[in-house]
*Asks:* 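My structure is below; once you've seen it, I'll send some questions.
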There are 2 protein chains.
Amino acid sequence: MTGITIKDVALLAGVSAATASRVLSGHPATSPDARTKVAAAARDLDYRPNAQARALRSTRSDSIGLLVPDVRNPFFADLAHACEQAALTSGYVTLLGNANENEHQHDRYLGTLISRRVDGIIVAPLGDGEGGIRSLIARGIPTVFVDRTIDGLDIPSVTTDSATGIRQAVSHLASLGHTRIGYLSGPLSTSTGRDRIAAFTAALAESGFEQAPELVYYGDFQAASGAAGMRALLNNEDPPTAVLAADSLMAVGAIGLLNERGLVIGRDIALVAFDDIEFFALLNPALSVVSHSAAEMGRIAVDLLLEVIAGGSPESVVLPSELVIRASSSSPIRPLPLPFARRKKN
Amino acid sequence: MTGITIKDVALLAGVSAATASRVLSGHPATSPDARTKVAAAARDLDYRPNAQARALRSTRSDSIGLLVPDVRNPFFADLAHACEQAALTSGYVTLLGNANENEHQHDRYLGTLISRRVDGIIVAPLGDGEGGIRSLIARGIPTVFVDRTIDGLDIPSVTTDSATGIRQAVSHLASLGHTRIGYLSGPLSTSTGRDRIAAFTAALAESGFEQAPELVYYGDFQAASGAAGMRALLNNEDPPTAVLAADSLMAVGAIGLLNERGLVIGRDIALVAFDDIEFFALLNPALSVVSHSAAEMGRIAVDLLLEVIAGGSPESVVLPSELVIRASSSSPIRPLPLPFARRKKN
DNA sequence: CTCATCCGTGGAATCGATTCCACGAAATCG
DNA sequence: CGATTTCGTGGAATCGATTCCACGGATGAG
């Protein structure tokens, strides 16, 4: 169909395929005459090298794989965008895959990326590292973990130091008089889920509180579980006056539920979300967040991957997180009106 | 590095590479004995076929390209997600590219996708079809346009009938007493930009209004231009009492500016956005939108592309749009307080 | 002026999988 | 029972680009 090969270019330029190849890939041993003729021929024919053939021979594909849990999560959309832009400036194309927070699909995509012989893979790992991840490592394919890690695997990673931001958030809430702080946790099967709940527990202890088990709900980082979790927290006998959500989508679910119940955020209940996304600043009241930069994470992940591809073994990077106080958590404490607090499940 | 080829499998199974290939690709002319031995060998070696080599010989790559203007736009994130899931169920991997609303990057990505010999491309085209798009078509690569089209090119597409939803929005606003309705337009270089402003103008006429040129601002579908546009509209001598934004990001920018000015949406000014995104329902007040389904658009685009790849020439599909009324546009008209209306630019 | 060096070039091998072709064995038919 | 079809198989060609190797011509040094 497409038909235009390097032989056509060589023929038109009056040289051999070998010389044409050398000119096109910038090999120094070429004459100026050959260079101009081949360049002209390639332009005239609108020649595009066949990336497959090139990759087959040179064992490079000039592409990297990026596997994220969900592109629809704005944090990962930002991350994907940043990775892609950074990779592009280094001459790599990004093959974006979507695990859909689903381990089976995650492994299937990893297999596909291996098959396509990408030069390296940036992955936010899912699960315990038994499935596709193990194949990756066994093959020695350059790999970098992003956002999440897997215990016991010595793979360079870019993650966030959740603890600092969470400690700031808890002490901020405590300073406003909140003593019963609820937590919408991510799944313990992810490192971020585990890190953040551990940081939360530690922060409570620092502020002199004990963690009440009924004020922690374990969800799955998706919006629906944020709503379910907020409902569960409100159904407590003594509900929380402030809630911290472990990611943006769970916060979105929680906000939806609070609106539905007619509870006013920032007045009836304080809310802080992990992950900053543009929309949170637009809410009324604007949402306080623990912020960390997806864009920076993406850029650094690409840098690390390029180092690994080049044969190095870079140190892992831990990025900071920081509390951004907005209106959703700046009013003084005010107990929930009883009719809402004790409402039954719907 | 990876090293495991079909020859290794063949050797372990005690057959030739040709037979191994036949077994692995499900060719009927194989003996049960060969089948079991090759299957076992492939499993034991954790063999993954080299997609490059296969694609080179068979002229199929089992991959499609998807080029969107911006993954960070939730509409396109949803679209990408839907395309990817639909493609995956048909055995195709999706290579996602990001044009960044930038024609140069758009063309560069198209070139890359052509080089990688994807089996087909789904693209939200940018520009006038002169650059990369023309290469695509000249090569006869199966192509489907999504969301946007290019005049004069006979390529199957999936688009939205913006006119219906916009007409509903205008007549809804008119019924509330609004007579000065502002419009934050997308760029006229995109088909969606042109369609929507045309629909808006026509809808105004149907409601008996004339379009005031000072109430239309031409932006670029990005958040910053939404803010700039809203600022310009408010600086009018006789500012609009209602505003329609041509996409979600421009609406986001507009909302940010209104918050900054202390104007209350739904009370001081009515706002309706084109594109529904989950977050708009969470705003206080919730945002009225002209809704159309990114997920459906993505699924249909993949269906059309598969038809084109199979040699067919499917009809283009036009999806409906529909007004969803929420609080941002349901209060009766109330003129803007003057100090806000005449404020200077900052 | 001769011999060694360097440089640009083309031929040929190569990457890994698929597929055409031909061969031998088994199965089927008259 | 001989002739023919069917079937599984291996060898070899192929896809398109890269790269090793060898060759011839030009240049430089002695």
Side-chain angles (χ1 to χ4, degrees), chain A residues 1-39 41-42 45-63 111-112 114-119 139 141, chain B residues 1-39 41-42 45-63 111-112 114-119 139 141:
Chain A
M1 305 301 140
T2 52
I4 299 165
T5 76
I6 200 169
K7 286 183 188 166
D8 301 316
V9 174
L11 194 68
L12 182 62
V15 298
S16 72
T19 300
S21 170
R22 276 185 286 258
V23 170
L24 293 171
S25 53
H27 193 291
T30 49
S31 67
D33 181 51
R35 274 197 288 271
T36 55
K37 283 193 299 186
V38 170
L45 295 174
D46 193 20
Y47 166 72
R48 307 289 172 116
N50 183 319
Q52 265 95 27
R54 178 193 302 229
L56 181 58
R57 178 62 224 247
S58 56
T59 64
R60 315 184 47 220
S61 65
D62 290 322
S63 62
T112 305
I114 294 173
S115 265
R116 299 193 66 88
R117 301 292 190 267
V118 291
D119 294 334
R139 285 189 158 67
I141 297 175
Chain B
M1 307 301 140
T2 54
I4 301 165
T5 75
I6 201 169
K7 286 182 189 167
D8 300 316
V9 174
L11 194 68
L12 182 62
V15 298
S16 72
T19 300
S21 170
R22 276 185 286 257
V23 170
L24 292 170
S25 53
H27 194 286
T30 50
S31 66
D33 181 53
R35 274 197 289 270
T36 55
K37 284 192 298 187
V38 170
L45 294 174
D46 193 21
Y47 167 72
R48 308 288 173 115
N50 182 320
Q52 264 95 27
R54 175 190 302 216
L56 181 56
R57 180 60 225 246
S58 57
T59 65
R60 313 185 49 219
S61 65
D62 289 322
S63 62
T112 305
I114 294 173
S115 266
R116 300 192 67 87
R117 303 292 191 266
V118 290
D119 294 334
R139 285 189 157 68
I141 296 175

*Asks:* Calculate the interatomic distance between D33(A) atom CG and dC7(C) atom P; express it in whole Å.
*Replies:* 18 Å
*Asks:* Distance check needed: dC7(D) P versus R22(B) CZ, whole Å only.
*Replies:* 14 Å
*Asks:* Figure out the CZ/C1' separation between R60(B) and dT19(C), and round it to whole Å.
*Replies:* 15 Å
*Asks:* Mind calculating the distance between CD1 (I6(A)) and C1' (dT14(D)) to the nearest angstrom?
*Replies:* 17 Å
*Asks:* Is the base of dG16(C) touched by the side chain of R117(A) through a donor-acceptor pair closer than 3.5 angstrom?
*Replies:* no
*Asks:* Round to the nearest Å and state the distance from K7(A) atom NZ to dT18(D) atom P.
*Replies:* 13 Å
*Asks:* Starting at OH of Y47(B) and ending at P of dG16(C), how long is that distance when rounded to a whole Å?
*Replies:* 10 Å
*Asks:* Scan side-chain atoms only and decide if T30(A) and R35(A) contain a donor-acceptor pair under the 3.5 Å cut-off.
*Replies:* yes
*Asks:* Rounded to the nearest angstrom, tell me the gap between atom CG in N50(A) and atom P in dG16(C).
*Replies:* 16 Å
*Asks:* Starting the side chain at C-beta, find the nucleotide from dT18(D), dT18(C), dG8(D) nearest to A29(B).
*Replies:* dG8(D)
*Asks:* Can you find a side chain N or O atom of T5(B) that sits less than 4.0 Å from OP1 or OP2 on dG16(C)?
*Replies:* no
*Asks:* Round to the nearest Å and state the distance from L56(B) atom CG to dT14(D) atom P.
*Replies:* 14 Å
*Asks:* Give the nucleotide from the list dG10(D), dT9(C), dG16(C) with an atom nearest to the side chain of A53(B).
*Replies:* dG16(C)
*Asks:* Test for a donor-acceptor pair under 3.5 Å between the base of dG16(D) and the side chain of R57(B), counting only N and O atoms.
*Replies:* no
*Asks:* Does any part of the side chain of S21(B), heavy atoms only, come nearer than 4.5 Å to the side chain of H27(B), both counted from C-beta?
*Replies:* no
*Asks:* Can a donor-acceptor pair under 3.5 Å be found between the side-chain atoms of R54(B) and the base atoms of dT18(C)?
*Replies:* no
*Asks:* Heavy-atom nearest nucleotide on DNA chain D for S58(B) versus G14(B): which residue maps closer to 5'?
*Replies:* G14(B)
